[in-house]
Amino acid sequence: MDSRSHTHVTAALRLCLHALLAGLLALVVVRAVSEGAADTAAVVAVTFLTAALYAAGAVRSSAVQPTDSVQPTDSARPRTSVQPGTRAGAWWLGGLWVLWAALLVLSPDALWVAFPLYFLQLHFLPMRWALPSVVVTAAAAITSFVVHRQEIEPGAFIGPLIGAAVAVATVLGYDALFRESERRRELIVELVATRADLAEAERTAGTLAERERLAREIHDTLAQGLSSIQLLLRAAERSLPENAPASPHVRAAREAAQANLAEARSFVRALTPPDLEHGSLAAALERLCAWTTAPELTVRFAVSGTPVELPTPYEVALLRTAQSALANTVRHAAARRAEITLSFMDTSVALDVVDDGRGFDPSGAPAQERGTGGDGGFGLPAMRARAGSLGGALSVESAPGQGTAVALTLPLPDTEAERAA
C-alpha cells in the first residue's frame, strides 16, 4: 500500500493495532501458563521474541515519521527504516510471520494473532503481494486449528476467512477514502489557483480595455479638436496683414495648440495596446498568425499595397477585428487554412480574414456561430460597431460548407490635413 499521511486518525489506528497485537500475545502467554502445558516455556519465549521484534519495528517506524502531514518520499527515507514499501519493512514483516508460525506450532491460541498480521501485510506490502500473503496467513491459521484440535469445524474456516475479508475491505475502503480526499484537496488547490488566474486575467483585460477606450477618446476628442484649432489658427495667421498687432498672439496660440496636440498624441501612443507598442500593425498581425494554434490549422499573413502610417484607432480596430475573426475560426470553423490580408489602397485600408471551414448562414445562424455568444469574445455586431465608429464598413460572406470571409474597410483620413495637424 502507499504510505499514509501522518494524521491523528492514522496515529489512533496505529495505537489500536499495537494494543490489539499486545493483547493477543498476552492472551497466548496467559493461556499457556494457566493450562500448564509442557511447552509453556517455549511459548513464552517465542511470544516475547515476537513482541520484541514487533516493538523494535514499531519504534523504528515511528522515529522516521514526519511531524507534518506530508510523508517523505521513498528516496528521502533511510534505507534501514521500517516503512511501507521498503526492503527493511518486508524483512521485518517476514520475521514476524516466521515467529508467529512457530508460535502456531506451539499454541492453538496463536491463530488469533493472524488478524493484526492481516493489517500489517496489507499496509507494508504492495497489493500484488499483500493479498497472497493474507491468504497464506489465513490458511496457516486454519491448519493450526485443525492440527491442534484434531477436528474440522465450520468455525475453523469461517473465523480466519471472515477476519481476512474484513481486513482487506477495511484497508481498501480506507485507501479509497484517502485517494478521494487527495483528489478533492488537489481540486480545491486547482480551483483556488484558477480563480486567482482568472481574477488576474480579468484585471488585465479591464486595464487593456480602459487603456484602449482612453486612447480612442483622447484621439477622437482632444487630439482632433486641437488639430482643428491649429488649422484654424494657421489659416487666421495667413489671412492677417503682415506686422498686424494680433499676429504674435495668433502665432503663440497656434504653437500652444501644436504643443498640446503633440502631448495628446504622446498620451495616445502610451495607451496603445501592447501588441502595437513594439512594432507596426503588420508585425502585430504576423505575430497573431504565428501564435494562433489549432489542430491541422495553418494561418498565413500577407500585406498588399504600400503601407502607410495609420492613426492609433485605425490600428486598434484592424487588430481587434483580426483577433476576433481568427478566434471565431479556431472555435467554430474547423478550418484547415486561414489567411489574413492587410491591403493599403489609395483612399482606404482593408483587412480580410478568410478560412476554408464549415461556414454558416450569416442571416440565420445561431448567435454562437456568428460569434455573438456569451463567451466574452467580439461578435460580428461588435466588429460592425467598431468599423462604424471610424466611418468604415464590415462585410461577411459565408455559406454552409463554403468557408467564411470577413472584410473590414476603413477610409484613410485626409492625408494632407493629418500632415498639417
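- Residue F344 comes nearest to T306 through the heavy atom pair CB-O, 3.3 Å, listed as atom of the first residue, atom of the second, then distance.
- A salt bridge links E180 to R184: one of the charged nitrogens lies within less than 4.0 Å of a carboxylate oxygen.
- Here the options are V353, V406, V303, the test is side-chain contact (heavy atoms from CB on, under 4.5 Å), and the partner is I340; only V353 passes.
- Rounding to the nearest 0.5 Å places OG1 of T321 at 4.5 Å from CG of L408.
- The line from CZ of R384 to OG of S395 is 8.5 Å long, rounded to the nearest 0.5 Å.
- Within the 4.5 Å cutoff, no side-chain heavy atoms of L410 are placed close to those of S348.
- L318 CG to R386 CZ: the interatomic distance, rounded to the nearest 0.5 Å, is 10.0 Å.
- Looking at V299 and W291, their side chains never come closer than 4.5 Å, going by heavy atoms from C-beta outward.
- Under 4.0 Å is where a charged nitrogen must lie from a carboxylate oxygen, and between E182 and R179 no such pair does.
- V168 has its side chain out of reach of Y118: every pair of non-hydrogen atoms, C-beta onward, lies at least 4.5 Å apart.
- To the nearest 0.5 Å, the span separating CH2 on W129 from CD on Q121 amounts to 13.0 Å.
- For the 3.5 Å distance criterion, the side chains of W100 and T50 fail to qualify, holding no donor opposite an acceptor.
- E237 and S247 share no side-chain donor-acceptor pair at under 3.5 Å.
- Put simply, the side chain of D355 does not reach to within 4.5 Å of the side chain of L297, judged on heavy atoms.
- Under the side-chain contact (heavy atoms from CB on, under 4.5 Å) rule, L233 has a single partner from E255, Q258, R254, which is R254.
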